[in-house]
Amino acid sequence: MKPPGQPLARPPAPRAYAETLLMVAGVTALGLVAAPMLPASAMDLAYLVPVLAAASLHGLRCGVVASLASALAYNFFYTAPRYTFRIDDPGNVVTVLVLAGVALFTSRLTARIRDEAAFAAEQARQNAVLAGFAAQLAAADTSAHIGEALCREVAGLFGVNTLLLALAVETPPALLAAVPPRIQLPQGLEAEAAEAARASGLPGGRHTDMLRAADWQFHPLLAAGPAQAVLGLARDDGRPPIAEADRALLAGLLAQAALALERERLAGEMRDLAQLRERDRLRGALLSSVGHDLRTPLTAIFAATAALARTSATGPLIATLDSAARQLDRYIANLLDMTRIEAGAIRLNIQPLDLTDAVAAAVRELPPGQAPHIAVAADLPLVRLDPQLFHHCLINLLDNAAKHGGPEGDITITALREAGGMMLSVSDSGPGLPPGSETRVFETFNRLEGSDRSQGAGLGLSIVKGFAEAMGASVAARNRAGGGAAFDLHFPAALLVDLDGAEA
Amino acid sequence: MTMAAKILVVDDEPAIRRLLEATLEHAGYRVVAAGTGREALNLIDIEKPDLVLLDLGLPDRDGLGLLPLIQAGGGTRAIVVSAREAVDDIIAALDLGAIDYITKPFDTAELLARIRAALRQQLASQAERRQVQSGELSIDLLDRRVLRGGSPVHLTPKEYGVLAALARHPGRVITHGQLLRTVWGPAQADHVEYLRIAVRGLRQKIEPDPARPRLVINEPGVGYRLEMEA
């Protein structure tokens, strides 16, 4: 294998010209010795031997020199008058010209075959390098190993110092590998050149179009998307780090390493995802078991309360116990709902709902004695929602209205068509929202100030927001012109069901 | 009723079992209790209860898997008890033949009402049901006639189909899927919107205040029930 860095069509050395001329001289000498036995006409073919030899050994230029030297020698030694460059016989002129022409033509052919063979050999060498490198990459299972393999390979092939720098937008630069290992993380101009190469996707630094004053030359490793790493090359003597002829091989190595790094990055993401899923699964299991564990004693409390109510006369105390247990039940439900929202673990079960159905089911769960005004027309479109999640939204809105609705506790539920969809509004006749708190009320654990009657952890409204948004709806709070607060659920037109196909 | 109905309580929590036993005995039922699925199946064979109150969260086996076994033993009926979030389990249990469900934590008064409805239904279904009465509404299932306060109500075929399907099991939740399969046919089982519209139309004709339904009651995400009013 020839050493790297030699261009294919290099000019022949002076020695090659000398050898060429020597071969022509040798054939001439042999011809002169054998002249008594051979006709002069045989010599024109004999001169093709040095032409072919020179072209195949030393390339086209030597072939041309051999052709011209042969034509001249033939003319000098074999055409009459001999030992002059003069030619008397017109037939001999033709012979000399044909000899020169054939010699030139064959030397061209031979030289081309030689170049193609050399090119194929170079391709084979590069392929062998790339295949060997691919094998190394296949064995590398971390980005540091991939980096080491790349740095070692490039340093060994081209005789340069190398470093591989991981450059991601969100993390500081990190040195993945370097040959020799004493090389430090690039600073200042070098770091800028590396960043320029990453950002542009083109080589940067020494002997490039960007920041050429740097000592290192940086090449980006490009796979899918922007480069995540750059390879730095430098020579101790400051010569160009990479010869023009070797750029293709370097590009091949870089592309392979970039793919390997990308593969490694994706594998890492898959590992993280699997971990995250496992954590979510555990959290879900914990939640449902906590839900079960808390509800079992609560069921016992309900049953015991009912048993007490039958046997004892302390009515008001039992009513307190019962209502406290109900509150606890709602808090547990809200806590579970909130955890589902924050874990992103909401599984939607969307179906067309009639708002009358949904509102009636929520109102039925209010404590006896609470009777909201319901203004939901019977001809509104159906809305595609998750019945359970929407039920929880309504329960929480009604709960909130009951808590903050003031002494009269008038609650109104209205559903209307509006531009771009439909709206359902739960409004109360209480003191309303403090100015500017219209978005803050939906934040987790936010209780309205100035309301000494506020109960609960303030989860209810953030659950409404979380569930509404999970279903593609939205919620907003406002103060009503006539006093009191209103919470509006907006359903975009995409959630409304076209009833043309329905058969009643 | 010559003899008090016998109820099997299946729950893995001893405190709940004791309380339910006390509550149900006080309400006049005979009660047996089991803590595991295996025990429950044994007791069904030995005691032949009229009704099983089955908690779906059993330690030794899936409560849903018990339902077909319970019914195989001579048509014993089951009310399932489940967590409120487990709508899928509830629908599966109803589709597997459970006649009703109640979510934890439940209210004792409501539980007793469901049990009464379930047992009443069992008696009624032994003699073919013909006439169903709830409040002002009277449904004749043989003549396909619906009266409200004595005057006839004109329903579309689908509206009548839904009402009749509910009236055949008064007080019991019928899932969306069951209603759609019965009234529209198996191919339409996913078209909940058809059902919503039929129920809407039905309410306009039979409810005193359609915005506050008292007869056809929605169980969110599960189905509808016909409420029995005195």
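Throughout, protein chains are lettered first and strands after them, A, B, ... in sequence-line order, and every chain is numbered starting at 1. Note that the coordinates shown come from a computational prediction; the quantities given were computed from them, not determined experimentally.
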So, taking the atom named CZ in A:Arg364 and the one named CD in B:Glu219, what distance separates them when rounded to the nearest 0.5 Å? 6.5 Å
Any chance CG of A:Asn349 has more than 12 other-residue heavy atoms, nucleotides or ligands included, within less than 6.0 Å? yes
Indicate the atoms forming the closest heavy-atom contact of A:Ala300 with B:Leu19, along with that distance. O-CD1, 3.3 Å
Work out which heavy atom in B:Ile16 is nearest to a heavy atom in A:Thr296; give both atom names and the distance. CD1-O, 3.3 Å
Ranking A:Thr299, A:Val376, A:Asp357 by heavy-atom pairs under 4.5 Å to chain B gives rank one to A:Asp357
Using heavy-atom distances under 4.5 Å, tell me whether B:Leu111 contacts chain A through its side chain, its backbone, both, or neither. neither
Would you indicate whether the side-chain heavy atoms of B:Leu195 and A:Gln351 approach each other to under 4.5 Å? no
Considering non-hydrogen atoms only, spot the tightest contact between B:Pro105 and A:Leu298 and give its length. CG-CD2, 3.9 Å
What residue, out of A:Ala360, A:Ala378, A:Ala307, has the most heavy-atom pairs lying under 4.5 Å from chain B? A:Ala378
Check each atom of A:Arg384 against the heavy atoms of chain B and say whether the ones under 4.5 Å are side chain, backbone, both or neither. neither
Tell me, for B:His191 versus chain A, whether the close heavy atoms (under 4.5 Å) come from the side chain, the backbone, both or neither. neither
With a 4.5 Å heavy-atom cut-off, do A:Arg295 and B:Thr103 have their side chains touching? no
I need the minimum non-hydrogen distance between B:Thr108 and A:Ala306, along with the two atoms involved. OG1-CB, 3.2 Å
Kindly compute the distance separating CZ (B:Arg212) from NE2 (A:His373), expressed to the nearest 0.5 Å. 8.5 Å
In short, A:Asp354 meets B:Arg196 closest at the heavy-atom pair N-CD, 3.8 Å
A:Ile332 portion near chain B, given a 4.5 angstrom heavy-atom threshold: neither
Atom CZ of residue position A:Arg480 - does it have more than 12 heavy atoms of other residues, nucleotides or ligands inside 6.0 Å? yes
Does any part of the side chain of B:Gln204, heavy atoms only, come nearer than 4.5 Å to the side chain of A:Asp379, both counted from C-beta? no
For B:Phe106 and A:Phe302, the nearest pair of non-hydrogen atoms, with its separation, is O-CB, 3.5 Å
A:Thr356 vs B:Asn218 side-chain heavy atoms within contact, under 4.5 Å: no
Sort B:Arg18 into side chain, backbone, both or neither according to what part of it lies under 4.5 angstrom from a heavy atom of chain A. neither
Which atoms of A:Ala358 approach chain B - backbone, side chain, both or neither, heavy atom under 4.5 Å: backbone
Counting heavy-atom pairs under 4.5 Å with chain B, which one of A:Ala375, A:Ala309, A:Pro372, A:Ala362 comes out on top? A:Pro372
